[in-house]
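In what follows, chains carry the letters A, B, and so on, assigned in the order in which the sequence lines appear, proteins first and then strands, with residues in each chain numbered from 1. Heavy atoms only: backbone and side chains are in, while hydrogens, waters and symmetry mates are out. Bear in mind that the values here come from a model prediction, so they are computed numbers and not experimental data.
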Amino acid sequence: MKRFIVWFSCLFASVLHAEPIWFGSTSATRVLYINSTLDMSSFRPLLERFVTRHPDIRVGYIDVNTLELYYLTVSESAQPSASLVISSAMDLQLKLVNDGFTQPYRSDETARLPSKAKWRSEVFAFSYEPVVMMVNKKAFAEIDMPQDRQALLSYIRQNDEYVSGRMGTYDIRKSGVGYLLASQDARQADATWGRMLEAFGSHGVKTYCCSSDIIDDVASGKLVVGYNLLGSYAAQRANNDSSIEMIIPKDYTLMLMRTAVIPKHAPNALDAGLFIDFLLSDEGQSLMTSEELLYPIRASEYEPHFAMPIGPTRTIRTVDLDQQLLVGRDLVKQRRFIKNWELALELSSDD
Amino acid sequence: MWRRSLRPLNGYERQLDYQHSPSLRGRFIVVGAFTIILIALLAIKLVFDYSERLADISYDRLLRSALLQMDENVGQIEGEITIDIPWSAFATLAQASEDRVFYKVESSSQGFITGYFNLDSSPALPVDYGTIQFFDRTYSGEVLRFAWLERYITEPDASGTVRTVLAHTRLSREEMAASITQRAVELITLVALVSIALIVIGSQIVLRPLHRIEQVLESRTPGDLTPLTLKTPRETYHLKVVINDFMLRLQSNLEELENYTGNAAHQLRTPIASLKALAENARDIGRPEQQRQALEKIIEQCEALSDTVSFLLNQATISHRLQSQPMGLIDLVQPVRESCRAQALTALRKGVMLCFESELEEAIIVGDTVAIEQMMQNLIENAVRYSVLENGVEQKEVVIRITPMPNVYRVEVMDQGVGISDVDKQRVFERFYRGRYDIAGSGVGLSLVKDITKYHQADITLSDNHPHGTVVTVDFPAFKFREDS
């Protein structure tokens, strides 16, 4: 608990200084601030299209880490700076809703959304996010790439020294989505997760705040394997970079949803609603596919999909957008989980 | 002779009257519909209460299951009470799909362990360790349903209690209750509407026999007074009987009227014929002396005729009066005395003395003064007429007497005339019956008397006077004040 508060205060300070990236004309009469965890490369075309559609709205976009975003939203609950909060950390978004920090929004677009992609009409999923592994092709020039976790484990065992210090994954203490993925892994396959942790720990795994940093290091060859990455970023990079390969684990694939909420007392809830409508609209959804940005939530309507490797034969474990997410964020459970994670990875809690 | 309506109603008035008349069917429908609506409202109220209870029972089960799953995972690690909330507990709660979830775990030794720190975890009901209690409480701006459990810690080296509180919003409960209620309300409304429709249709069917009677009566020719032979249900049987009775009475009244008119015409024709004969006779007689005699007879006959006519008129008047005027409390002595006084002079001219005897100051009966005066007039005239016939030398006297008897006041008219034979006594009260045709009279006088006494529920008897003559006795029932009885 104490740790969070310390984090929170430094993060908050850093966020305050973050300058928004502006979209739209400076003469626009309305301003919509969006706090989001989405990387600019995946989001820019959508924002640009939105301000073209709504020339009277100017969008201020602030990129924030998932965990920071949660604490920022909670701390600003009385007077939020942003009217729209977009995050891939479903559990934190749902906790915002459950704890009463958001307001409901209803429109034709949200009504069209399947019920599993929204909760209480306060949080809306607009894209899917498969969770994948990424490898550097050079390392696997002569051997098969591991297609699932068991294969990855045996690969680590066999290439003990080679992989040492050359594996990367999320730092679950710093990244909200990283924690979510780890806790879901533990939930899906506790034994496998334990062995993975053990293997990571004994081979000096590197921890990162963000998917893109891990991908960068895999591409540069600093890392051989990146574990638990967000699929849309990975696919985007893999398409443009022949040195890396995205692997969709065959034993099971976690599937997240990117979600948006409107904070209670949001200064511009109206335009935030418009933006949600835009993300859920046919135009927004098809733009995600055509520009190879994200996996749209209404995917079936936009097939064939860019590099969307997820067919019906895959064992997909979609993380439900409901109250179960709260369990992972239980104070005691979270503390114990992170502690075990630190112990396994041989990291000290001051790290 | 019969009581009549003031005047027949015209079409417009009849329509107004129809519209303002209370409708039997309308009343039936209104009372029926009102009852059904009342029952429906009551049922809806019950359904409301019931559906809420049902929803609570169903969702409390979820809450209980989730709470127990949480409680099972309360344990001790390194001397500290802690909990590892199972995913399944919240998967259970996720069945209440849109409901926000709050929880708190605390122990008596450590205080707050996990959950929502500011959630009020105090029990709402008397504490029974190890037993789950449910209650509603507001938190975070919404009413929540709480499941509350506190139990003793069972770990070997720990003491005190651990309290687990799990709460969720009531959205799903209300949805369930609303859907139950909506179904039930729809059903109840449907049943109520169908019942009202059945009442409307049923009332038509029930009242059909009345319409049939109405139609049958309407389609009859005006002179048709034969009884209704229509087959009608038991409930309208009496109505039919009453109508038939009424028609029977109407028929007998009409027959009486026919007889009366026929007799009256007959009675008038005879004197007129005799008048004509007398007049022809007088015309043909040459001698003035005899002519004069004949004319005298004509005048006499005219007087008799005039008497008859006035009797008939009187009777009509009295009959009408008896039918139309309600009777009141009157003093019997007064009209009797008045009649005597009025007739005294006429009687004296004929050589008869009227003698009124009464020691009563007043005799209260229910009756009509005019009718009684008429009755007395007729009786006294008759008595005088019969007295004159007696060829006695002594002073002729008619005594009128009122005496109180038990329960009745007796009025007696006693003459010392020629008397009435026993055969005639039986018939004198018949209309147009004349005991003796040598006496002037119409034959209607005593029948009117009979009518009047009947109307007053009085008894009339004829008996012989001593040494000769007749006594007419009329016993009027005395009016009894309530305190006397």
Side-chain angles (χ1 to χ4, degrees), chain A residues 1 4-5 74 77 90-91 93-104 106 110 113-124 180 183-190 193 261 264-265 317-337 339-340 343, chain B residues 59 62-63 65-66 69-70 73-78 80-107 110-119 138-144 162 164-172 174-175:
Chain A
M1 255 287 260
F4 291 148
I5 293 163
V74 171
S77 61
M90 295 163 72
D91 52 349
Q93 294 280 80
L94 189 111
K95 196 163 163 60
L96 285 178
V97 175
N98 188 70
D99 297 359
F101 293 112
T102 59
Q103 56 177 294
R106 287 182 182 84
T110 64
L113 204 57
S115 60
K116 60 175 183 176
K118 59 187 174 187
W119 195 62
R120 288 181 70 90
S121 292
E122 294 187 44
V123 54
F124 306 97
L180 172 64
S183 69
Q184 290 294 328
D185 262 344
R187 189 188 172 190
Q188 290 296 338
D190 201 29
W193 171 246
V261 298
K264 214 173 243 179
H265 317 299
R317 299 284 149 78
T318 305
V319 178
D320 294 327
L321 187 62
D322 65 20
Q323 295 95 321
Q324 295 179 61
L325 289 170
L326 297 172
V327 176
R329 287 295 175 183
D330 174 61
L331 286 178
V332 176
K333 203 179 185 84
Q334 189 175 329
R335 200 186 306 157
R336 192 183 308 123
F337 191 79
K339 202 174 161 198
N340 288 341
L343 282 172
Chain B
Y59 279 98
L62 279 190
L63 208 54
S65 152
Q69 289 176 58
M70 282 174 73
N73 285 279
V74 172
Q76 203 175 19
I77 297 174
E78 293 160 8
E80 233 181 87
I81 305 296
T82 185
I83 179 169
D84 184 16
I85 299 173
W87 294 91
S88 58
F90 277 54
T92 307
L93 286 178
Q95 289 176 43
S97 54
E98 301 260 278
D99 279 311
R100 297 161 64 189
V101 178
F102 302 95
Y103 62 95
K104 188 178 185 179
V105 181
E106 55 192 1
S107 76
Q110 284 163 243
F112 177 76
I113 294 172
T114 189
Y116 289 77
F117 186 75
N118 59 356
L119 189 68
T138 306
Y139 176 74
S140 182
E142 270 188 83
V143 177
L144 306 183
V162 62
T164 313
V165 180
L166 184 61
H168 67 173
T169 49
R170 301 189 51 96
L171 215 71
S172 299
E174 270 148 31
E175 246 168 42

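The residue among B/Ser88, B/Ala91, B/Gly115 with the most heavy atom pairs within less than 4.5 Å of chain A is B/Ala91. Note on B/Thr92, B/Ile83, B/Asp99, B/Leu93: by heavy-atom pairs under 4.5 Å with chain A, the leading option is B/Asp99.
Take B/Glu98 and apply the side chain to side chain donor-acceptor pair (under 3.5 Å) test, not counting sequence neighbours, and it matches no residue.
Not one N or O on the side chain of A/Gln324 forms a donor-acceptor pair closer than 3.5 Å with the backbone of B/Ala89. The main-chain N or O of B/Ser97 is found under 3.5 Å from a side-chain atom of A/Trp119 such that the two form a donor-acceptor pair.
Proximity to chain B (any heavy atom under 4.5 Å) is restricted, for A/Lys95, to the side chain, taken from C-beta onward. In this structure, chain A has a heavy atom under 4.5 Å from the side chain of B/Thr169, while its backbone stays farther away. B/Leu171 touches chain A through its side chain: at least one heavy atom from C-beta onward sits under 4.5 Å away, while N, CA, C and O do not.
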- Message: A/Val332 vs B/Ile113, test: side chain to side chain contact (heavy atoms under 4.5 Å, CB included). Steps then yes/no.
- Response: CA-CA 7 Å; A/Val332 176; B/Ile113 294 172; 4.0 Å; yes
- Item | Steps toward side chain to side chain donor-acceptor pair (under 3.5 Å) verdict (B/Thr114, A/Arg335) | CA-CA 11 Å; B/Thr114 189; A/Arg335 200 186 306 157; over 6 Å; no
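Within the 4.5 Å cutoff, the side chain of B/Tyr103 has no heavy atoms near those of the A/Val327 side chain. No side-chain heavy atom of B/Arg100 sits under 4.5 Å from any side-chain heavy atom of A/Asp99. Residues B/Tyr116 and A/Asn98 are in side-chain contact: their nearest non-hydrogen atoms beyond the backbone lie under 4.5 Å apart.
Using a 4.0 Å cut-off between charged side-chain N and carboxylate O, B/Glu142 and A/Arg120 make a salt bridge.
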